[in-house]
Amino acid sequence: SYTLTSNNYFTLSNKVLTMKEKTPVGEYSLTIKATDTKSGANKTATIKVTVFAKNIDGVTITLSPTSYTYDGSAKTPTVTVKDGENTTLTKDTDYTVSYTNNTNAGTASVTITGKGNYKGTKSQTFTINKATITVPTATYCNTLTYNGASQTLTKAAPTGFKFANNTGIDAGEYSITASLTNTTNYKWSDNTTGNQTFKCSISKKSATITAKAQTINYKGTITNNINQIETSGLVTGHEVTGITLTASTTNATQNGTITP
């Protein structure tokens, strides 16, 4: 008969040596005693058994969550690793974790590397979706009135896009171009990445021109020059360079004053 000296990881039965589950990696010296059933004589022998690390490529990796939206920060989903249905491996004891391409939008990956009783590597992917930006409209326009100087037609663009052609001087309508700053990580709410356009405008400035009263002789003519008017509301540096005044009455029969 054969017996195995006390050992925590191996058993011997019917000449069959059996290793228990979760036996740590390493080399083991086992002493086996053989007993002659007739004479009772004993003999011992020592054997060496080497337990090698298990390849980790057979485990199941579960990530949580499996998708994100880009926000500029690195994404590190929780990793759960199981060897079979009932054995959950322990991070930094059975494996280590590393992440690849886990900041920008696209397909990122988690790689586990075996440690201790496990060897090799296995990877699992997850998704980082593009951030969605609402297509800009005239709500971004500033309310402007002509003032003779260059004016910015739009409010500041939030993170993710920028404006072009958004300055103007003269009163009128302008076409504004909005473009994404990074089409890798951003998309418009209409699922496109190309330029968007909308309209902004500069309103005309109100100005008042008033004719002064004139005294003219019977059968005389009205004086037409810019000294005969008063102005308000003109932009600094602007002036009236020419006028045409018409008498408010044409049937005067005597000298008098024409009042605007």
Side-chain angles (χ1 to χ4, degrees), residues 8-9 19-28 50-141 154-166 176-198:
N8 292 328
Y9 301 109
M19 182 180 71
K20 296 180 180 180
E21 289 186 4
K22 300 181 181 180
T23 297
V25 170
E27 187 177 84
Y28 296 85
T50 301
V51 178
F52 295 99
K54 182 177 181 179
N55 200 312
I56 206 166
D57 62 1
V59 303
T60 301
I61 301 174
T62 302
L63 305 180
S64 180
T66 57
S67 66
Y68 294 85
T69 297
Y70 172 80
D71 64 4
S73 65
K75 304 306 177 187
T76 54
T78 300
V79 180
T80 301
V81 180
K82 284 192 173 184
D83 186 358
E85 293 185 2
N86 301 316
T87 302
T88 300
L89 304 190
T90 302
K91 180 183 176 183
D92 296 327
T93 298
D94 299 315
Y95 64 92
T96 59
V97 178
S98 61
Y99 299 89
T100 305
N101 300 325
N102 61 323
T103 299
N104 292 324
T107 300
S109 64
V110 175
T111 299
I112 61 170
T113 301
K115 183 179 180 181
N117 294 326
Y118 292 87
K119 67 178 181 178
T121 61
K122 187 173 183 177
S123 297
Q124 185 85 1
T125 61
F126 62 97
T127 301
I128 302 176
N129 297 307
K130 292 183 179 183
T132 298
I133 297 177
T134 300
V135 174
T137 64
T139 56
Y140 281 97
C141 294
T154 62
K155 301 176 177 68
T159 299
F161 69 97
K162 61 184 179 180
F163 292 127
N165 306 320
N166 66 328
I176 309 301
T177 300
S179 60
L180 296 171
T181 56
N182 184 336
T183 56
T184 297
N185 295 316
Y186 295 99
K187 65 176 181 177
W188 297 116
S189 53
D190 61 3
N191 288 319
T192 65
T193 56
N195 291 347
Q196 302 281 350
T197 59
F198 60 96

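Just so it is clear, the structure is predicted and the values come from calculations on it, not from any experiment. Side chains included, hydrogens not; waters and symmetry mates left out as well; all remaining heavy atoms used. Sequential numbering from 1 along the given sequence is applied to the chain's residues.
In this structure, CG in N165 is found 7.0 Å from CD1 in I176, a value given to the nearest 0.5 Å. Taking CD1 of I112 as the start and OG1 of T80 as the end, the distance is 10.5 Å to the nearest 0.5 Å. Taking OG1 of T96 as the reference point, atom OH of Y118 lies at 14.5 Å (rounded to 0.5 Å). With rounding to the nearest 0.5 angstrom, the OG1 atom of T113 is 13.0 Å from the CG atom of D94. Distance CG/L180 to CD/Q196: 8.0 Å, rounded to 0.5 Å. Atom CD of Q124 and atom OG1 of T66 lie 9.5 Å apart (nearest 0.5 Å).
Within a 6.0 Å sphere centred on NZ of K162, heavy atoms belonging to other residues, nucleotides or ligands number 12 at most. Around atom CD of E85, no more than 12 heavy atoms belonging to other residues, nucleotides or ligands sit under 6.0 Å away.
Classification of the F126-Y99 ring pair by plane angle, with boundaries at 30° and 60°, yields perpendicular.
No side-chain heavy atom of I61 sits less than 4.5 Å from a side-chain heavy atom of V110. Contact annotation: the side chain of T87 approaches that of K22 to within less than 4.5 Å [non-hydrogen atoms, C-beta and beyond]. Annotation: side chain of K91 is in contact with side chain of V97 (closest heavy-atom distance under 4.5 Å). Between L63 and V79, some side-chain heavy-atom pair lies under the 4.5 Å cut-off.
Taking both residues in full, the closest heavy atoms of N104 and Y70 are given as OD1-CE1, 3.8 Å, listed atom of the first, atom of the second, then distance. Considering all non-hydrogen atoms of both residues, T23 and N117 come closest at O-OD1, 4.3 Å. Taking both residues in full, the closest heavy atoms of A108 and N102 are given as CB-CA, 3.7 Å, listed atom of the first, atom of the second, then distance. Minimum interatomic distance between N195 and S179 (heavy atoms only, all atoms of both residues): OD1-CB, 3.1 Å. Residues K122 and D57 approach most closely at NZ-O, 3.4 Å, considering heavy atoms. Pairing each heavy atom of F198 with each of P136, the nearest pair is CD2-O, 3.7 Å.
Between the side chains of K130 and T132, no donor-acceptor pair is found at a separation under 3.5 Å. Using modelled atom types and a 3.5 Å distance limit, the side chains of N166 and Y140 yield no donor-acceptor pair.
Without hydrogens or angle criteria, N185 side chain to A105 main chain gives a donor-acceptor distance under 3.5 Å. A donor-acceptor pair is defined here as one N or O able to donate and one able to accept, closer than 3.5 Å; no such pair exists between the side chain of K54 and the backbone of K119. In this structure, the side chain of S189 engages the main chain of V135 through a donor-acceptor pair within 3.5 Å.
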Step by step, work out the side chain to side chain contact (heavy atoms under 4.5 Å, CB included) result for T88 and V81.
CA-CA 6 Å; T88 300; V81 180; over 6 Å; no
